[in-house]
Amino acid sequence: MNKLDDLPYQKIMFDGKWGIGKTKYILESTNAKENVYYISLFGKRDINTIYQELYYLLIPEDKVKFKKILNKIGEINYSQFGFNVSIPLMADMFKSIQAELESTSNITIIIDDLERKQDDFNIKEVFGLVDTITKKEGIKVVLVAASDNFSNETKKQFEEYAEKSLDRIYKISTYSKDAPRKIMGDDIWSAIKDIYQDNKLKNLRTLEKANLFIKEVIDEIPANVFNDKISKEDIYKICFSIVLFEVDYKGKMEPLTDIDEKSKKTFFEAYDSEEKIPNYIWHYILNRTLNNSMMYNFVPVILDWFSTGEFSINRFNDEVKLVNSYVELRYPLFMSEKELAKESSDFFTFICNLDQDISLKNFLQRLDELATITEKTEIGFNYKVDEVVDWMTNKYDFDNYDNTYFEHFIRRESKFINEVISKLQDKAKSNYINSLVLIMVNNANKLHLTHEETNVTAEFISFFNRLSDEEKDSVVEEMQKNKWFLPLPFGEITDYHWTYCHNIFQFIVEIDKGVKTSLVLDAREYFEQEIDKYSDEIFKYRLRHLIKQYL
C-alpha cells in the first residue's frame with residue numbers, strides 16, 4: 001500500500017483470509033491521503049448503491065445535486081444500508097461521477113469486503129465498474145476480499161471475470177510481523193508472545209478482542225492486588241488464553257498436537273464436560289507457565305467473566321487470599337549440592353522447609369523429587385521408610401483415605417517413595433477394614449436400619465473381595481465373633497432390615513469358597529442355635545426362611 005502510487009498497475013486485488021488485518025492496515029496506511037476513497041460492499045444489494053456512495057465521496061459538497069433530498073433524509077450510512085434513488089437521478093449521478101473522474105488524476109478507489117455483498121449482487125457488475133472508471137490513466141482501483149468466503153456462485157463469477165478485469169492479484173497469507181505488538185502494546189505482547197507463537201495464530205481479531213478484554217479486567221482489579229505472587233503479566237496470560245480458547249478454538253477442547261487413537265480416547269475421557277475447561281486452558285494453552293501453580297484458581301473466575309460479563313469481586317478476592325497464602329516449593333533440581341546434602345541427611349530439616357499445610361499429595365511429590373535426585377547422584381539419601389511413614393500417619397488422618405487414593409502414586413521414579421506409598425497403602429487399607437468392620441458390628445446390634453445402612457453391606461462386600469487371603473480370614477473371624485454381622489430380625493421390622501438380612505446371608509454364601517473353613521456350615525449351626533434360644537415364632541420363621549434360601 002505504501003508503494004501503491006509507484007506501481008504500474010491500475011486494477012489490483014488484495015486477497016487474504018478473514019482476520020489478518022487487511023482492512024485495518026489499508027485504512028491506516030491511507031488515512032492521511034486525500035486522494036484515496038474507501039467503499040465497503042458489506043450488505044450492498046446492487047451496483048447502484050456503489051455509484052451512490054462513490055458520488056458522495058467524489059463530488060465536492062457545493063456541487064452535490066439533490067440537496068433537498070439529502071436534507072430530508074438526513075445522514076445515511078451507505079456502507080451499511082445502501083440508498084436507491086430513481087432512475088433519472090441515477091443517470092445524472094453517473095454523469096457527474098464520470099465528469100469528476102475526467103477532471104481529476106491520481107485517485108485511488110478502494111472497494112473492500114467483496115465477499116460480504118448480498119448473494120444476488122453479481123460480482124461481474126463490480127468488474128464492469130472497475131473497467132469503466134479505470135479507462136482514464138491515473139485512476140487506480142484496489143479490490144479487497146477473502147475469496148475463501150465467496151459463495152459458490154460468486155466464486156464461479158469471479159473465476160470467469162477476474163483474469164480479464166484485474167492487472168494483479170496479491171495473495172496475502174499473513175499479516176505484518178509488527179501487527180501483534182502494535183495491537184497489544186509492548187507490555188502485554190511480551191507477556192503473551194510465547195502463548196501466541198505456540199498456538200500459531202493467524203487471526204488479528206483474536207488479538208484485538210484479547211486486548212480489549214485484558215484492559216477491562218485490569219481496570220476492574222484493584223491496583224493493590226498485584227505483588228510478587230500475583231503479577232499483571234500472569235493476568236494478561238490468563239485473559240489471552242481464555243479469549244484464544246473461546247474465539248479461535250470456538251470453545252472446543254481438542255488435542256493441540258497429533259496423537260494416536262488410544263491417547264485421543266484417553267484425552268476425550270478426561271475432558272468430557274464444560275467443568276473441565278479451566279483445567280484444559282491451564283494445561284494445554286497456558287502450559288502451566290504462570291508465576292506459581294496457585295494462579296490456576298483465577299482461570300475459572302476470569303473464564304466466567306469473559307463468558308457472562310459478570311465479575312464477582314468477592315469471589316476474586318477469595319482467590320487472591322488463597323494465592324497469597326501459598327508457599328512455593330523449593331525444587332531439589334534447583335538446589336545447590338550443599339543444600340541437597342543437608343535436606344537428604346536430616347528428615348526433620350526437610351520437614352521444616354515445607355509449608356506446614358502441605359497436602360499429602362504434594363508432600364509425596366516433593367519427597368519423590370528429593371529422593372530421585374539423591375538416588376541418581378552420589379549425594380546419598382539417609383531417610384528410613386518407617387521414619388517417613390510414622391511422620392505421615394501422625395500428620396494426616398488416614399481414616400479418610402481408601403487405599404485406591406494412592407493408586408495414581410504408583411510407578412514413581414524413586415524406589416524409596418514407592419516403598420513409602422506401599423506402606424501407606426497398607427495403612428490406609430487396614431484403617432479402612434477396621435472402620436468397615438466396626439460399622440458392621442454396630443449395625444448387627446441395631447433394631448431399626450435405614451437405607452444408608454443397607455447400602456453399607458454392598459460397600460463391605462465389594463471391599464472384602466479386594467482383600468488378601470490373610471485379611472479375609474481376619475474379617476471372617478470378626479464376623480463369627482459378632483453374630484455374623486446379622487441384625488437379628490426380631491419383632492416389627494422394616495423392608496430395609498429384611499434386605500440387610502438377605503445381603504448378609506448372600507455374602508456368607510459368596511465368600512464360602514474363598515476361605516479355609518466352611519462358613520455355610522458354621523453359620524447355619526450358629527443361626528439354628530439362635531432359633532432354639534427364643535420363643536418368638538415370627539423371628540424363628542424369618543430365620544428359618546433365610547437358612548433355607550441360602551444355607
Side-chain angles (χ1 to χ4, degrees), residues 177 180-181 183-203 206-218 221 225-249 251-259 263 266-267 270-271 275-307 316 319-335 355 358-359 361-362 365-366 368-369 372-373 413:
K177 292 181 180 179
R181 182 184 294 275
I183 291 171
M184 307 305 291
D186 289 342
D187 291 343
I188 297 176
W189 172 243
S190 62
I192 62 106
K193 180 172 66 174
D194 290 342
I195 301 172
Y196 163 87
Q197 291 174 341
D198 288 344
N199 288 274
K200 300 176 182 177
L201 287 186
K202 293 185 178 180
N203 194 332
T206 301
L207 290 170
E208 290 167 350
K209 289 182 179 181
N211 188 46
L212 292 173
F213 182 57
I214 287 170
K215 289 176 179 177
E216 177 188 350
V217 170
I218 294 299
I221 298 175
V225 164
F226 298 109
N227 52 40
D228 291 340
K229 291 184 178 180
I230 304 174
S231 67
K232 281 187 179 181
E233 288 74 16
D234 280 352
I235 297 297
Y236 296 158
K237 291 178 182 179
I238 293 173
C239 292
F240 177 69
S241 297
I242 287 169
V243 176
L244 170 62
F245 173 76
E246 293 287 356
V247 176
D248 262 44
Y249 298 162
K252 293 181 180 179
M253 292 181 282
E254 300 280 351
L256 300 185
T257 55
D258 292 332
I259 55 178
S263 300
T266 302
F267 173 88
Y271 295 96
E275 289 74 18
K276 307 292 179 59
I277 290 176
N279 198 36
Y280 174 88
I281 292 172
W282 172 252
H283 283 281
Y284 289 92
I285 301 179
L286 280 165
N287 286 323
R288 295 166 292 181
T289 56
L290 303 187
N291 197 25
N292 65 64
S293 58
M294 293 302 287
M295 288 294 291
Y296 165 80
N297 292 278
F298 288 120
V299 177
V301 178
I302 298 177
L303 177 63
D304 286 346
W305 190 344
F306 184 76
S307 300
F316 187 83
E319 303 305 340
V320 168
K321 292 175 185 176
L322 188 63
V323 175
N324 282 332
S325 64
Y326 177 66
V327 178
E328 191 73 36
L329 299 177
R330 295 171 62 237
Y331 292 103
L333 181 63
F334 302 149
M335 291 181 183
D355 176 13
I358 190 171
S359 68
K361 178 181 177 181
N362 286 341
Q365 175 68 30
R366 180 73 172 78
D368 179 45
E369 290 167 355
T372 299
I373 287 182
E413 282 200 63

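What you see is a predicted model; the values in this text were computed from it and never measured.
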Engineer: Is it true that a side-chain atom of Asn227 and a backbone atom of Lys229 form a donor plus acceptor pair closer than 3.5 Å?
Structural biologist: yes
Engineer: So which heavy atom on Lys237 is nearest to which on Leu290, and how close?
Structural biologist: CD-CD2, 3.7 Å
Engineer: I need the Glu246 CD to Thr206 OG1 distance, nearest 0.5 Å.
Structural biologist: 11.5 Å
Engineer: Would you indicate whether the side-chain heavy atoms of Phe298 and Met295 approach each other to under 4.5 Å?
Structural biologist: yes
Engineer: Any non-hydrogen side-chain atom of Ile242 less than 4.5 Å from a side-chain atom of Trp305?
Structural biologist: no
Engineer: Verify ring pair (Phe, Tyr, Trp, His ring centres under 6.0 Å) between Tyr249 and Tyr284, making sure each step is shown before the conclusion.
Structural biologist: CA-CA 12 Å; Tyr249 298 162; Tyr284 289 92; over 10 Å; no
Engineer: Can you find a pair of side-chain heavy atoms, one from Asp234 and one from Ile230, that are under 4.5 Å apart?
Structural biologist: no
Engineer: Under a 3.5 Å distance rule, please check whether Asn297 uses its side chain to pair with a backbone N or O of Met294 as donor and acceptor.
Structural biologist: yes
Engineer: What are the two closest heavy atoms between Tyr236 and Ala191, and how far apart are they?
Structural biologist: CD1-CB, 3.9 Å
Engineer: Minimum heavy-atom separation for Ile277 to Phe245, with atom names?
Structural biologist: CG2-CE2, 3.4 Å
Engineer: So, Ser190 side chain and Asp187 main chain: donor-acceptor pair closer than 3.5 Å or not?
Structural biologist: yes
Engineer: Dump the intermediate steps for side chain to side chain contact (heavy atoms under 4.5 Å, CB included) on Tyr280 and Ile285, then the final yes or no.
Structural biologist: CA-CA 7 Å; Tyr280 174 88; Ile285 301 179; 4.2 Å; yes
Engineer: Looking at Met184 and Leu207, what are the two nearest heavy atoms and their distance?
Structural biologist: SD-O, 3.2 Å
Engineer: To the closest 0.5 Å, what do you measure between CZ (Phe306) and NZ (Lys209)?
Structural biologist: 7.0 Å
Engineer: Less than 4.5 Å apart, side chain to side chain, heavy atoms only: is that true for Phe226 and Ile221?
Structural biologist: yes
Engineer: I need the Phe240 CZ to Asn211 CG distance, nearest 0.5 Å.
Structural biologist: 10.5 Å
Engineer: Tell me, with the steps shown, if Phe267 and Tyr271 meet ring pair (Phe, Tyr, Trp, His ring centres under 6.0 Å).
Structural biologist: CA-CA 6 Å; Phe267 173 88; Tyr271 295 96; 5.1 Å; yes
Engineer: NZ/Lys276 to NE2/His283 distance, rounded to the nearest 0.5 angstrom?
Structural biologist: 11.5 Å
Engineer: Would you please test Tyr196 and Leu244 for side chain to side chain contact (heavy atoms under 4.5 Å, CB included) and show each step?
Structural biologist: CA-CA 9 Å; Tyr196 163 87; Leu244 170 62; over 6 Å; no
Engineer: As an exercise, state the distance from CG of Asp194 to CG of Asn199, rounded to the nearest 0.5 Å.
Structural biologist: 11.0 Å
Engineer: Quick check for you: to the nearest 0.5 Å, what is the distance between Ile192 atom CD1 and Ser241 atom OG?
Structural biologist: 8.5 Å
Engineer: Would a 4.5 Å heavy-atom cut-off, applied to side chains only, mark Val299 and Leu286 as touching?
Structural biologist: yes
Engineer: Is there a side-chain contact between Ile302 and Phe213 in this structure, where contact means two heavy atoms from C-beta onward sitting under 4.5 Å apart?
Structural biologist: yes
Engineer: Would Ile235 and Lys232 count as a side chain to side chain contact (heavy atoms under 4.5 Å, CB included) here? Give the steps.
Structural biologist: CA-CA 5 Å; Ile235 297 297; Lys232 281 187 179 181; 5.5 Å; no
